[in-house]
Amino acid sequence: MTTLLPHIQIETAPQPGAAIIWLHGLGADGHDFAGLVPELDLSGCPAIRFIFPHAPSIPVTLNGGYVMPAWYDILGADLIDRQDTAGIRASEQAITALIEREMARGIPASRIVLAGFSQGCAMALHTGLRFPQTLAGIVALSGYLPLAAQFAAERSAANAHTPIFMAHGKQDPVVVPARGEASRDLLTRLGYPVQWHSYPMPHSLHPREVVDIGVFLGQVLAPDVA
């Protein structure tokens, strides 16, 4: 049995009927996006349980082996030439366990959104699109799809039509826009309904992006969507 990742839990009201699992970026932790909840317009949504897990701390090669919270090791600055396949798949299992725990608590997969920023975005796309049951949606911020060469063979038919909100900063120096655009193009070619958003920002979150995320969540978690 997989030990659940430590995490922060926030419920917008009692007896939540939906869940959002939000994955932080490299070197951050679950607190990084927990403060965003009050800024989102969730008026069109049912009560939501937010889960903000903390990634384990591991040595990160790109940062000289410095130990920090990370979903997987980063072996090169371009992110895709050499990838930590074992680390990515280990985090996939840990995130899947969180999804399954929400399902065991009474929230169906179709009412669960997987969200993430940067490395967390990579894990949200990797895990969500391989999950064997249909999710409500995926929010993919300032990141990319890892292990893209294996994706077509490993993706789940259950999430072939899951709405995907992808956003990227035009001046992002960490995950360059071309990396996100390449992932968008791959997903679009494979028929995924990708909503692409570009903002005048570096590797961060834009105020307009927060508004757009709220709109997306209202669409995929509306009470008549199940």
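With hydrogens and angles ignored, the 3.5 Å screen pairs no side-chain donor or acceptor of Arg111 with any backbone N or O of Ala19. For the pair Asn63 (side chain) and Tyr66 (backbone), a donor-acceptor distance under 3.5 Å is absent. Under a 3.5 Å cut-off, the side chain of Thr12 and the backbone N or O of Ala47 do not form any donor-acceptor pair. In this structure, the side chain of Ser91 engages the main chain of Trp71 through a donor-acceptor pair within 3.5 Å. The closest donor-acceptor contact from the side chain of His54 to the backbone of Asp29 lies at 3.5 Å or more, if one exists at all. Checked by atom type and distance alone, the side chain of Arg82 pairs as donor or acceptor with a backbone atom of Leu75 at under 3.5 Å.
In this structure, the separation between NE2 on His206 and NZ on Lys170 is 9.0 Å, given to the nearest 0.5 Å. The line from OG of Ser198 to CE of Met166 is 11.5 Å long, rounded to the nearest 0.5 Å. Here CG of Leu98 is found 6.5 Å from NE2 of His7. Values are rounded to the nearest 0.5 Å. Note: Phe216 CZ to Ile164 CD1 = 8.0 Å, rounded to the nearest 0.5 Å. A distance of 10.0 Å separates CD of Gln93 from OG1 of Thr127, quoted to the nearest 0.5 Å. We find the CD1-CE distance between Ile112 and Met103 to be 6.0 Å, quoted to the nearest 0.5 Å.
Every pair passing ring-ring contact (aromatic ring centres under 6.0 Å, His included) that includes a residue from residues 80-129 is listed here, sequence neighbours excluded: Phe33-Phe117, Phe117-His203. Within the structure, no pair that satisfies the salt bridge (charged side-chain N to carboxylate O under 4.0 Å, His left out) test touches residues 30-43, not counting sequence neighbours. Legend: salt bridge (charged side-chain N to carboxylate O under 4.0 Å, His left out) pairs involving residues 186-206, not counting sequence neighbours: none detected.
Closest approach of Pro193 to Ala160, counting heavy atoms only: CD-O, 4.0 Å. When all heavy atoms of Leu114 and Ala124 are compared, the pair lying nearest together is CD2-O, 3.6 Å. A pairwise comparison of heavy atoms in Pro69 and His24 identifies CB-CE1, 4.1 Å as the closest pair. When all heavy atoms of Leu5 and Pro56 are compared, the closest pair comes out as CD2-CD, 4.2 Å. Between Met123 and Ile88, the closest heavy-atom pair is CE-O, 3.4 Å. Nearest approach of Cys45 to Ile48, heavy atoms of both residues: CB-CD1, 3.8 Å.
Evaluated for a side chain to side chain contact (heavy atoms under 4.5 Å, CB included) with Met201, the options Glu209, Arg208, His168 yield exactly one hit, Glu209. When Leu42, Ile8, Val113, Leu36 are each tested for a side chain to side chain contact (heavy atoms under 4.5 Å, CB included) with Phe50, only one passes: Leu42.
With contacts defined as side-chain heavy-atom distances shorter than 4.5 Å, the pair Arg101/Ile51 qualifies.
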